[in-house]
Amino acid sequence: MEYKFSEIEEQIKKFWSDKNIYRVGDAESGKPKYYVLDMFPYPSGAGLHVGHPLGYIASDIYSRYKRMKGFNVLHPMGYDSFGLPAEQYAIQTGQHPAITTEQNIKRFREQYDKMGFCFDWTREVKTSDAEFYKWTQWIFIQLFNSWYNNSTDKAENISSLEKIFTTEGNANVKAAHAEVKIFSADEWKKFSESEQQEILMQYRLAFLSEAYVNWCPALGTVLANDEVKDGVSERGGYPVERKLMKQWMLRITAYAERLLSGLNDLQWSESIKEAQRNWIGRSEGASAKFQIADSKLQIEVFTTRPDTIFGVTFLTLAPEHELINQITPDSHKKEVEEYVLYAKNRSERERMTEVKKITGVFTGAYAIHPFTGKQIPVWIGEYVLAGYGTGAVMGVPGHDSRDYGFAKHFNLEIIEVVSGGDISKEAFEGEGKNINSTFLDGLKTVDAKKKVIDEIEKNKIGERKINFKLRDAVFGRQRYWGEPIPIYYDEQNIPRVVDENDLPIRLPEVDKYLPTETGEPPLANAKNWKYKNKFEFEKTTMPGWAGSSWYLFRYMDPHNKNAFAGKDKLDYWKQVDFYIGGSEHATGHLMYFRFWTKFLKDLGLIDIEEPAKRLVNQGMIQGVSAKVFKNNFNFKTAPQSIAYKRFASKYITDSATIENIVDVFLCKDFVVNDSQKSSLPFLLSDINLPVDFADFTKYQFDIKAFYESGDNRAKNVLFIFIGGIFLNGKFFFDAGVNNYSFGFTAIPEKMSKSKYNVVNPDDIIEKYGADCFRMYEMFLGPVEMSKPWDTKGIDGVSRFLRKLWKLFYSDDGKWLVTNEAATNDELKILHKTIKKVEDDIEKLSYNTSVSAFMICVNELTDLKCHKAEVLKDLLLILSPFAPFTTEFLWQEMKQGGSIVTTNFPKVREELLVENSFEYPIAINGKTKTKITFALDKEISTIEKEVLDMEILKKYFEGRAPKKIIVVKGKMINVVV
RNA sequence: GCCCGGGUGGUGGAACUGGUAGACACGCAGGACUUAAAAUCCUGUCGCCCGAAACGGCGGUGCGGGUUCGAUUCCCGCCCCGGGCACCA
């Protein structure tokens with residue numbers, strides 16, 4: 001019988017689905033639980049490429065393994081199905097995003113099924129399902145109804161805060177909040193309803209706030225910090241500007257400390273933890289208030305180096321600082337206003353690219369140094385950020401490089417207050433001993449910090465303070481395809497949450513997915529969409545990360561109508577034991593879902609502090625692009641194109657054909673060739689050609705096939721190679737040349753449709769089978785590592801599977817398996833492999849387990865072993881990797897049940913005990929020969945025997961060996 | 001600039017906690033089978049040197065140094081590649 005993988009896969013797929021083999025029960029299973037989760041995919045229109053399954057295969061193997069080890073394994077899959085691409089498509093075509101999304105999901109599902117993943121599809125969830133987003137909205141309501149109590153260090157219901165306000169005002173409340181004035185209980189009671197709500201809003205965890213946001217005019221929406229890369233939108237690459245807008249926000253900063261300290265106990269990669277630590281950006285220091293001369297105003301600064309306070313020679317304010325107007329004397333108004341205007345008009349992007357440019361202006365005001373009483377000038381500089389600290393810094397040019405640059409540029413005084421550097425050359429930012437600092441003189445930096453903060457607090461100048469870089473998260477999007485925010489505006493225009501019983505607030509139908517003419521979000525297009533038929537709903541929707549911030553809990557109880565998940569289910573499944581996904585989510589999703597988890601815990605809804613114990617980041621499988629060169633000017637208008645046309649006219653006389661040329665592609669070798677290069681205008685960039693026509697072994701691109709495929713990019717395009725050209729299906733050669741070769745360069749880069757380098761797993765599965773595909777992706781290297789996709793080695797895995805098959809069937813199709821008892825050698829091979837594979841799976845070192853299987857099958861083949869006793873265990877340990885083939889053979893062996901639900905075999909350690917070892921014998925650390933000794937042999941006897949060995953004599957060269965080291969079971973080293 | 005990874009044959013990659021560097025696979029070369037091809041199987045394959053061969057010699061894990069009986073592994077300095085952050089006071 002031949003190994004026909006496609007037939008086997010079909011048959012086994014049916015077998016599994018008939019038996020509902022992947023259905024997962026809950027606590028009643030009586031087994032310990034294990035939760036394996038893949039990061040939520042966005043169902044894109046392009047389907048899966050070979051890069052996506054890397055993580056899925058890894059988690060699938062782990063899930064199957066854990067199941068065979070006696071765990072009740074939850075391994076679900078679903079879709080993060082709200083998102084931009086479907087909406088963009090809707091804007092272009094008018095097609096409802098729900099329809100596109102549904103089609104894409106169907107495609108994804110087909111692909112998942114082909115790969116044999118053990119997902120329990122009865123637990124599938126989709127964020128765009130009203131049954132799902134009902135609970136996303138519900139959690140938002142809880143956030144709105146909560147405040148963060150710093151005294152108890154948890155979120156509490158807003159009613160407890162109101163109670164405090166009515167009894168004692170807000171002076172002693174320790175809470176995470178925005179700027180609020182201090183009021184007494186009496187004052188609180190006298191506030192109007194709208195004033196009270198305004199104040200409460202400053203405390204809520206979901207709140208409406210005026211804030212500088214990243215506004216992307218091209219997308220017509222606001223982006224979160226992590227959605228902006230290099231001043232442009234991460235998706236689409238459109239410019240982003242800073243804009244003051246009223247926005248729904250989440251007070252993630254309340255959780256900064258817990259998000260930071262929680263990292264320590266997580267089994268996550270160091271790089272992700274580090275990225276989160278940087279993102280949270282905790283710094284310890286002090287705040288200090290500087291009195292403005294001849295004024296009642298004070299400027300508060302934050303510093304991490306309060307020990308350098310005697311080195312302050314100026315203050316710098318951010319251009320957005322609110323006191324600028326009040327402190328600037330008339331004499332300086334004009335210059336200051338001009339500068340502020342200039343700074344405001346500078347986009348984030350400009351400011352970032354011109355980091356080294358020093359700009360600023362003197363306000364004309366002076367501040368009084370709190371310790372020396374000296375007057376110091378107050379400046380404005382754009383190097384100070386409005387959003388961090390207090391938006392003002394104390395300028396210590398001697399010990400801060402930015403202050404140093406600023407002082408040099410504007411000729412301000414520089415004082416050395418910490419010894420150890422040379423401040424005539426550069427700022428000294430290291431630690432040392434204080435000088436020129438009165439009561440701090442002689443103190444080491446650590447002690448000086450402590451002392452000065454004590455003084456600052458004693459004199460009520462300021463206080464010890466901890467600052468975070470982490471910003472509150474913007475939660476509203478001017479978009480259609482997202483969860484409606486469950487807020488309405490009452491008669492007084494006070495924002496209120498809708499009643500929980502009215503959830504879900506369904507996404508209304510609109511006839512246009514674009515913002516309205518007045519600039520309102522798309523939801524404003526909805527007709528008759530009012531809460532209780534009279535109140536205006538909030539028109540923005542939630543961002544892409546809302547649903548994914550809590551989805552892990554929904555899988556535990558996906559159909560629950562009364563809660564986001566039932567208490568019993570939450571108690572049983574607790575949290576994700578093993579989470580796998582891309583590292584690009586380091587500061588986005590992975591931060592938000594930790595935040596929501598902590599919040600739900602504070603409400604007493606769940607019992608865990610962290611959503612995922614262990615996190616593995618799978619590497620990216622890059623596509624290998626076929627790059628050729630292309631002119632980078634407009635071919636129709638640029639004068640350079642004439643040179644190309646002249647070149648083409650060497651071969652083609654018909655001028656109309658030449659005039660029609662719209663572009664030119666050059667083969668790699670042509671560009672590398674100097675004499676050719678000099679005859680052409682050298683303005684080149686590279687462009688990708690579809691990999692389907694590229695031969696990566698010879699680096700040859702088939703232009704003719706490309707042209708004949710009907711691709712528009714090949715039409716009227718002049719292809720130049722060495723010795724000839726290709727135009728519209730025809731080759732033209734130099735005299736004497738008749739072999740064409742269109743060379744390209746192979747570059748690994750991210751796999752993407754736009755780069756024409758996508759490899760579809762369906763094609764690979766069709767050619768080699770799903771098991772082979774799964775094993776090959778694992779065989780490529782460690783899961784965490786990125787690597788270019790390359791089919792070069794896949795034949796090795798394919799050969800392995802056929803070799804395995806041959807242990808069961810002869811070439812002419814006879815069943816070979818016998819019930820003979822296995823020999824010791826055979827059992828040893830088997831159990832060595834079981835042990836190795838078990839260890840490797842735990843470590844996620846799948847590439848080495850695949851080699852172990854290969855070694856095992858090779859050795860059994862050499863021994864002509866066809867014994868059931870050995871083969872059935874081999875099938876079991878291989879089944880997480882190659883589920884189809886192993887299940888098929890399992891059934892052929894009449895073992896009963898399904899291999900999926902059978903237990904993993906136990907290693908028989910006693911078979912692996914060696915009683916002798918072949919020692920490598922090294923002279924001065926270099927291995928020279930080998931000798932076998934019994935393992936229980938006395939070391940002193942070994943030493944003696946080795947030193948007497950005839951073969952070693954020549955290395956001693958007459959010298960007596962100085963020393964001999966014997967490490968039992970490892971090696972022997974003789975020092976001469 | 002700062003913070004994380006990483007650098008091993010022609011290629012993907014192995015090597016437990018400091019103990020035989022290059023497992024396994026691809027590719028390549030030679031051979032067997034075949035009319036032929038595919039498939040399959042066998043042999044070799046880090047480099048250099050001697051040789052008929054060797055369980056011969058020398059070198060070798062990005063570079064330079066160090067610790068050690070022994071270093072791909074630990075320490076110091078440097079170079080290169082990938083990723084993240086970036087005027088964060």
Side-chain angles (χ1 to χ4, degrees), chain A residues 229-230 269-279 281-283 285 301-306 308 316 318 351-352 354-358 381-385 387-396 399-403 405-406 429 467-471 583-584 586-587 617 619-620 622 697 748 776 779-782 784-788 790-797 799-800 802-803 806 811 839 843 845 847-855 858 861 918-931 951 954 961-967 969-976:
Chain A
K229 289 257 142 81
D230 302 324
S269 74
E270 214 34 61
S271 66
I272 293 277
K273 291 208 263 188
E274 225 16 67
Q276 293 216 341
R277 286 190 191 110
N278 290 336
W279 193 259
R282 181 185 198 270
S283 54
V301 301
F302 171 73
T303 176
T304 53
R305 290 295 299 270
T308 63
T316 316
R351 287 178 69 161
M352 272 206 279
E354 296 168 28
V355 160
K356 291 273 140 21
K357 191 170 159 186
I358 296 169
E382 65 175 334
Y383 78 98
V384 180
L385 305 174
Y388 183 74
T390 59
V393 303
M394 55 182 218
V396 187
H399 305 282
D400 180 282
S401 60
R402 289 151 314 186
D403 295 342
F406 197 77
E429 295 183 324
N467 240 313
F468 294 95
K469 276 199 278 184
L470 185 71
R471 299 276 71 102
S583 55
E584 67 273 20
T587 52
N617 297 115
M620 202 168 57
Q622 295 149 313
T697 57
Y776 180 58
F779 188 56
L780 276 174
E784 299 91 333
M785 230 186 320
S786 286
K787 52 232 147 189
D790 180 1
T791 37
K792 256 191 230 157
I794 200 166
D795 288 324
V797 176
R799 255 169 234 158
F800 158 76
R802 279 192 302 255
K803 260 176 147 171
K806 282 189 184 171
D811 285 339
D839 288 352
K843 284 190 299 186
S845 174
N847 53 332
T848 50
S849 21
V850 176
S851 342
F853 287 126
M854 288 172 168
I855 293 168
N858 287 345
T861 305
E918 189 185 34
Y919 285 88
I921 299 182
I923 307 296
N924 292 336
K926 293 269 170 209
T927 307
K928 297 295 179 189
T929 186
K930 288 172 189 171
I931 182 170
I951 195 162
K954 64 179 169 186
K962 276 188 200 142
K963 196 174 173 185
I964 176 162
I965 295 134
V966 179
V967 183
K970 292 265 181 196
M971 45 67 67
I972 295 165
N973 191 17
V974 184
V975 187
V976 296

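Chain A is the first sequence line, chain B the second, and so forth, proteins listed ahead of strands; every chain is numbered from 1.
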Just checking A/N858: base, sugar-phosphate only, or nothing, at a heavy-atom cut-off of under 4.0 Å?
-> sugar-phosphate
Euclidean distance for P, B/C24 against B/C75 (whole angstrom) | 31 Å
Sticking with atom C1', work out how far B/C78 lies from B/G22, rounded to a whole angstrom.
-> 27 Å
Would you tell me if any nitrogen or oxygen in the side chain of A/N973 comes within less than 4.0 Å of OP1 or OP2 on B/G19?
-> no
Euclidean distance for P, B/A53 against B/G57 (whole angstrom) = 16 Å
A/W279 has an atom CH2; how far is it from atom C1' of B/G84, in whole Å?
-> 10 Å
Could you let me know what B/U40 is paired to, Watson-Crick or G-U wobble, both distances under 3.5 Å, or none if it's on its own?
-> B/A32
A/E429 CD to B/C87 P: how many Å, rounded?
-> 15 Å
Looking at the side chain of A/V393, which of B/G84, B/C85, B/A89 is the nearest nucleotide?
-> B/A89
Side chain to side chain contact (heavy atoms under 4.5 Å, CB included), paired with A/I972, selected from A/I923, A/I964, A/V967 = A/I964
What orientation do A/F853 and A/F800 show, parallel under 30°, tilted 30 to 60°, or perpendicular over 60°?
-> tilted
Please state the P separation for the pair B/U20 and B/U72 - nearest whole angstrom.
-> 10 Å
Determine whether any donor atom in the side chain of A/K970 lies under 3.5 Å from an acceptor atom in the base of B/U20, or the reverse, and answer yes or no.
-> no
Gap between atoms CD1 and C1', on A/I855 and B/A15 respectively (whole Å) = 12 Å
Give a yes/no answer on whether the side chain of A/S269 brings an N or O atom under 4.0 Å of OP1 or OP2 in B/G5.
-> no
Under the side chain to side chain contact (heavy atoms under 4.5 Å, CB included) criterion, do A/L470 and A/R282 qualify, and how do the steps go?
-> CA-CA 8 Å; A/L470 185 71; A/R282 181 185 198 270; over 6 Å; no
So what does A/S271 touch, heavy atoms closer than 4.0 Å: a base, only the sugar-phosphate, or nothing?
-> sugar-phosphate
When the P atoms of B/A71 and B/G60 are considered, how many whole Å apart are they?
-> 11 Å
Applying a 3.5 Å limit to both distances, which nucleotide forms a Watson-Crick or G-U wobble pair with B/G60?
-> none
So which nucleotide from B/U40, B/C4, B/G12 ends up closest to the side chain of A/L780?
-> B/G12
A/Q622 and A/S786: side-chain donor and acceptor closer than 3.5 Å?
-> no
Please determine if a side-chain N or O atom of A/R799 lies less than 4.0 Å away from the OP1 or OP2 oxygen of B/A25.
-> no
Check every atom of B/U40, B/C55, B/G19 against the side chain of A/T929 and return the nucleotide holding the closest atom.
-> B/C55
Derivation and outcome, side chain to side chain contact (heavy atoms under 4.5 Å, CB included), residues A/E429 and A/D400 | CA-CA 6 Å; A/E429 295 183 324; A/D400 180 282; 4.2 Å; yes
Identified pairing partner of B/G82, criterion: Watson-Crick or G-U wobble below 3.5 Å = B/C4
Under 3.5 Å: donor-acceptor pair, side chain of A/Y919, backbone of A/G969 | yes
May I ask which nucleotide in the shown strands pairs with B/C69, Watson-Crick or G-U wobble, both distances under 3.5 Å?
-> B/G19
To the nearest angstrom, how far is A/E784 atom CD from B/G13 atom P?
-> 13 Å
note: A/N617, atom CG; B/G83, atom C1'; distance rounded to Å ~ 11 Å
Tell me the partner of B/G27, counting only Watson-Crick (N1-N3 plus N6-O4 or O6-N4) or G-U wobble (N1-O2 and O6-N3) with both under 3.5 Å; none if nothing fits.
-> B/U45
Euclidean distance, atom CD1 of residue A/I923 to atom P of B/G56 [Å, nearest integer] | 13 Å
A/D403 versus A/G395, closest heavy-atom pair with distance | OD2-CA, 3.5 Å
Distance below 4.0 Å between A/R802 side-chain N/O and B/U40 OP1 or OP2 = yes
Toward the 5' end of RNA chain B, which comes first, A/S283 or A/T848, by nearest nucleotide?
-> A/T848
Does A/G781 or A/I965 map to a spot on RNA chain B nearer the 5' end, using the closest nucleotide for each?
-> A/G781
Atom CD of A/E274 to atom C1' of B/G84: distance rounded to whole Å?
-> 10 Å
For atom P, what is the distance between B/G47 and B/A23, given to the nearest Å?
-> 12 Å
Ignoring the backbone of A/P782, work out which of B/C41, B/C69, B/G13 is nearest its side chain.
-> B/G13
Closest to the side chain of A/N847, out of B/C4, B/G13, B/A86, is B/G13
Choosing from B/C41, B/U20, B/A86, which nucleotide comes nearest the side chain of A/K803?
-> B/C41
Whole-Å P distance, B/G7 and B/G62 | 7 Å
Among the candidates B/A89, B/A23, B/C69, find the nucleotide nearest to the side-chain atoms of A/K963.
-> B/C69
Find the partner of B/A52: check Watson-Crick (N1-N3 plus N6-O4 or O6-N4) and G-U wobble (N1-O2, O6-N3) distances, both under 3.5 Å, and reply none if neither fits.
-> none
For the residue pair A/S851 and A/F779, what are the closest heavy atoms and their distance?
-> OG-CE1, 4.1 Å
Taking atom C1' in both B/C42 and B/C80, compute the distance separating them and give it to the nearest angstrom.
-> 42 Å
Of the candidates B/A21, B/G84, B/G19, the side chain of A/V967 sits closest to B/G19
Please tell me which of the listed nucleotides, B/A14, B/C24, B/A89, lies nearest to the side chain of A/F779?
-> B/C24
Does B/G31 fall in syn (glycosidic angle within 90° of 0) or anti?
-> anti
Just by modelled atom types, is the A/P782 backbone N or O under 3.5 Å from a matching donor or acceptor in the A/K787 side chain?
-> yes
Taking B/G27, B/A89, B/G13 as options, the one with an atom nearest any side-chain atom of A/D795 is B/G27
Can you tell me how far P of B/G5 sits from CZ of A/R277, to the nearest Å?
-> 11 Å
